[in-house]
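Comments concern the structure below.
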Number of protein chains: 2
Amino acid sequence: MRRMTARPANAHQARLLKLLRDGGPRSRAQLGDRVDLSRSKLAVEVDRLLETGLVVADGLAASRGGRRSHNVRLAPGLRFLGVDIGATSVDVAVTNAELEVLGHLNQPMDVREGPVAVFEQVLAMAAKLRASGLAEGYDGAGIGVPGPVRFPEGVPVAPPIMPGWDGFPVREALSQELGCPVMVDNDVNLMAMGEQHAGVARSVGDFLCIKIGTGIGCGIVVGGEVHRGTTGSAGDIGHIQAVPDGRPCACGNRGCLEAHFSGAALARDALEAAQQGLSPELATRLEANGRLTAVDVAAAAAAGDPTSLGLIRQGGTRTGQVIAGLVSFFNPGLVVIGGGVTGLGHTLLAAIRTQVYRQSLPLATGNLPIVLGELGPKAGVIGAARLISDHLFSPA
Amino acid sequence: MRRMTARPANAHQARLLKLLRDGGPRSRAQLGDRVDLSRSKLAVEVDRLLETGLVVADGLAASRGGRRSHNVRLAPGLRFLGVDIGATSVDVAVTNAELEVLGHLNQPMDVREGPVAVFEQVLAMAAKLRASGLAEGYDGAGIGVPGPVRFPEGVPVAPPIMPGWDGFPVREALSQELGCPVMVDNDVNLMAMGEQHAGVARSVGDFLCIKIGTGIGCGIVVGGEVHRGTTGSAGDIGHIQAVPDGRPCACGNRGCLEAHFSGAALARDALEAAQQGLSPELATRLEANGRLTAVDVAAAAAAGDPTSLGLIRQGGTRTGQVIAGLVSFFNPGLVVIGGGVTGLGHTLLAAIRTQVYRQSLPLATGNLPIVLGELGPKAGVIGAARLISDHLFSPA
DNA sequence: CCCACTTTGTCCTCTCCCTGGAAAAAGTGG
DNA sequence: CCACTTTTTCCAGGGAGAGGACAAAGTGGG
């Protein structure tokens, strides 16, 4: 099947495509309610989109009291690939043009194996999704990587946890392999875009999206747009000092947030507690699996283990301290917490909230919701699909 | 004299006005080089601006090898009023349409005396500038206040250091008194706009502007636009925790940056040092003036007083700690340090730089200049003029 | 001083886009 | 079956803008 080649010819068409993407199929009249164009102009632009094949007719709409109108929708065969490369696993999903996830695969994988090995895996997963009949091909792909990205070129720069990736032409290489346009971004930014598109952050202009996984990062959305910073490293909050003269961190400093709380730090603290006999619950789990992860701590906490609860609370407090500073600085309308450790759930959330509300000024926190992301592991892939669709649905 | 009533009718005219404001008088042809309009269209829009009186002819331009062209410039009679209300003093300046400062007054005044008293003073100063022949009237005024502002309405909200101002309709009231449009913003945001317009931050899209005066605040510029936050309190970094379990702060918490370093904190530390006999230099000054301020510390440090130097270095280190966190988070292209304590100069700057470069990741700091603002007390008033001119030079 | 060439400013036409009205098409409900 | 509503198409007219032609003004060399 020939894939999408057309792009909107002007801003009006781009606007219409995005309306159809975000609101689903609808009639010309309904589109007209939202775009401030004359009926004739609207009809012309819709006709042109129909000609390009990006948009197709979709039956009759419900009557609003008069003549029923003909619906239009985005081409049902359009497929976007969303790829979320984490430190320890890869998520790949197919979406339709409305960014609904049609199929989603997850595979454990160490990002340190390098771009070549990882992309082999990603391509295999993409092929598998295609083979299962969900897609005949891909019209575009969004890729998230766990480190800073020089956004315009789609190239990772100086990524601390993925050394082999520095300067690897991710966008170029994947575009070649997949035969479609590709955009690359930091995984946290994509999570933010995902929650903005389909999660808790709909209709919020300025918000922060904190992702706590193997490391800690923060997506920053200003006026509806992701802020990436001058060198693409904005949101890199894992190495903000949380504890003066605290634990040494891989980055060379001491007391970094990430050294005190993150998936990796939590696992290490749990191991220590188990070995010191502080927590029978964790000790049992260590014996059973031979190792401990954040998931074990979550389970132990759920079972009421006080040591695990304490670890989570302490981590939440430290994270909350840092977030409090960011809230004072940035004054967001919403803070979303997500990532691998959301399994820690409300214990973590409560600790973070307590600390933020205590430490930030009332004006900034007065009406500030701090909530868990609602998309879980889908946030990243939906954000990735959104990234590429934003690109393709913009005038060339 | 009748003041400016016209506003640009469309985005093209707005663009032209801003070019003339920022680049000074120039010919139609030179304007054409920068706006991507056909010559005929450009001529039409310039003619319309000439009709409104916002723009006037200004003689012949130098030849570029052919026919000499006629220059145009913004109306030479346009006057903006820039007002910068600080915690302990008020700056008022008149500018022309190009935002050049034609006259500038400064008056000590305690903002806690309340809006009525302060505005009486401001109006007197504005009248004095007018009386000295610098202006026949004002076409617009920008006002900066030392606290959060609900920007669209131009009303201070919950300002910690200026209790009487909460909810006072600053914009409304001053607009009435001055008989011209008024815009209100936080003083730090205006300082950032000033440095962006005429100072060190020209041509930088994302930067932070730290103002250290009686308190500490931070202007945030993202993509050339000031970020004000959801409730107008963005940049309120004075109450970020710098020292865990540190000094009690007026806000109710402990260890706030402002409690440890600011004009007020520095004066208090200096007093303590003088009384404990740690610094003969400061003790002498205390005896001479009956009190100590940041200026005394600066002078003592310049004279080599080790205690004063130590205070400045320690303050710089703490400020640097906080800035390091903000740099990791925001990844700016520039950090500007300004405000009353810039008199502390390079000792302070060196301490801040050391701390930021040590604590933030190389990718974010690699090419990050940290510099003193170059406009001093003029930054605020220029920023204020810029604020109102941006407003008036936009389509209504 | 004349001439070739460059730059600038003006004029004019042609095209395209869009608005807004009119009318036709398609439904709803009594 | 009829009055009314909503949607869609069609059409004429106005307006804005691009772009070319040409006039005006200036430079520099012969």
Side-chain angles (χ1 to χ4, degrees), chain A residues 6-20 23-74 394-396, chain B residues 6-20 23-74 394-396:
Chain A
R7 292 277 289 277
N10 59 45
H12 297 309
Q13 292 185 14
R15 183 80 205 284
L16 294 172
L17 290 175
K18 285 175 187 172
L19 277 172
L20 289 173
R26 60 179 78 190
S27 69
R28 287 171 173 78
Q30 286 171 311
L31 286 172
D33 293 344
R34 314 186 107 252
V35 289
D36 199 39
L37 288 176
S38 69
R39 281 177 318 228
S40 14
K41 173 67 174 162
L42 177 67
V44 169
E45 296 296 358
V46 172
D47 285 346
R48 284 186 190 149
L49 286 173
L50 286 167
E51 269 174 41
T52 67
L54 279 175
V55 161
V56 299
D58 188 44
L60 289 171
S63 167
R64 293 200 288 186
R67 171 174 174 175
R68 295 175 64 192
S69 62
H70 293 266
N71 272 346
V72 290
R73 60 168 299 181
L74 291 170
S394 297
Chain B
R7 293 275 290 275
N10 58 45
H12 297 310
Q13 291 184 15
R15 181 81 206 286
L16 293 172
L17 290 174
K18 285 176 187 171
L19 277 172
L20 289 172
R26 60 179 80 191
S27 69
R28 288 171 174 77
Q30 285 171 310
L31 286 172
D33 293 343
R34 313 185 108 251
V35 291
D36 199 36
L37 288 177
S38 68
R39 273 181 311 190
S40 24
K41 173 68 172 157
L42 177 67
V44 169
E45 296 297 358
V46 171
D47 285 346
R48 285 188 190 146
L49 286 173
L50 287 167
E51 269 174 42
T52 67
L54 279 175
V55 161
V56 300
D58 188 44
L60 288 171
S63 166
R64 293 200 289 186
R67 173 175 173 173
R68 294 175 65 192
S69 62
H70 293 265
N71 271 346
V72 290
R73 60 168 299 183
L74 291 171
S394 297

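Throughout, protein chains are lettered first and strands after them, A, B, ... in sequence-line order, and every chain is numbered starting at 1.
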A side-chain contact here means heavy atoms from C-beta on lying under 4.5 Å apart; do B:V72 and B:R26 qualify? no
Using side-chain heavy atoms (C-beta onward) and a distance below 4.5 Å, is B:D47 in contact with B:R28? yes
Can you find a pair of side-chain heavy atoms, one from B:R73 and one from B:L20, that are under 4.5 Å apart? no
Hey, what bend do you get for the helix from C:dC1-D:dG30 to C:dG30-D:dC1 if you fit axes on five pairs at each end, rounded to 10°? 10°
Measuring only between side-chain heavy atoms, which start at C-beta, is A:R68 closer than 4.5 Å to A:S27? no
Whole angstrom is fine here: how far is it from CG in B:N71 over to P in C:dT8? 11 Å
To the nearest Å, give me how far apart CG (A:L42) and P (C:dC17) are. 15 Å
Per-nucleotide protein contact string for nucleotides 2-7 of chain D, where B marks a base within reach and S marks sugar-phosphate only (heavy atoms under 4.0 Å, - for neither): ---BBB
Less than 4.5 Å apart, side chain to side chain, heavy atoms only: is that true for A:S394 and A:K18? yes
Taking all heavy atoms of A:R34 and all of A:L19, pick out the closest pair and write down the distance. NH1-CD2, 3.3 Å
Under 4.0 Å between a Lys/Arg side-chain N and an Asp/Glu carboxylate O for A:E45 and A:R48? yes
Nucleotide C:dC18, atom P - distance to CG of A:L37 in whole Å: 8 Å
Tabulate atom names and distances for all N/O pairs under 3.5 angstrom spanning the protein and nucleotides 13-17 of chain D.
unit_1 : atom_1 : unit_2 : atom_2 : d
D:dG17 : OP1    : B:K41  : NZ     : 2.6
D:dG17 : OP2    : B:K41  : NZ     : 2.4

Can you establish whether the number of heavy atoms outside A:D36 located under 6.0 Å from its atom CG is more than 12? no
Begin from the C-alpha positions of A:V55 and A:L16 and carry the test side chain to side chain contact (heavy atoms under 4.5 Å, CB included) through to its verdict. CA-CA 10 Å; A:V55 161; A:L16 294 172; over 6 Å; no
Could you pull out the closest heavy-atom pair between A:A57 and A:L50, with the gap in Å? N-CD2, 3.8 Å
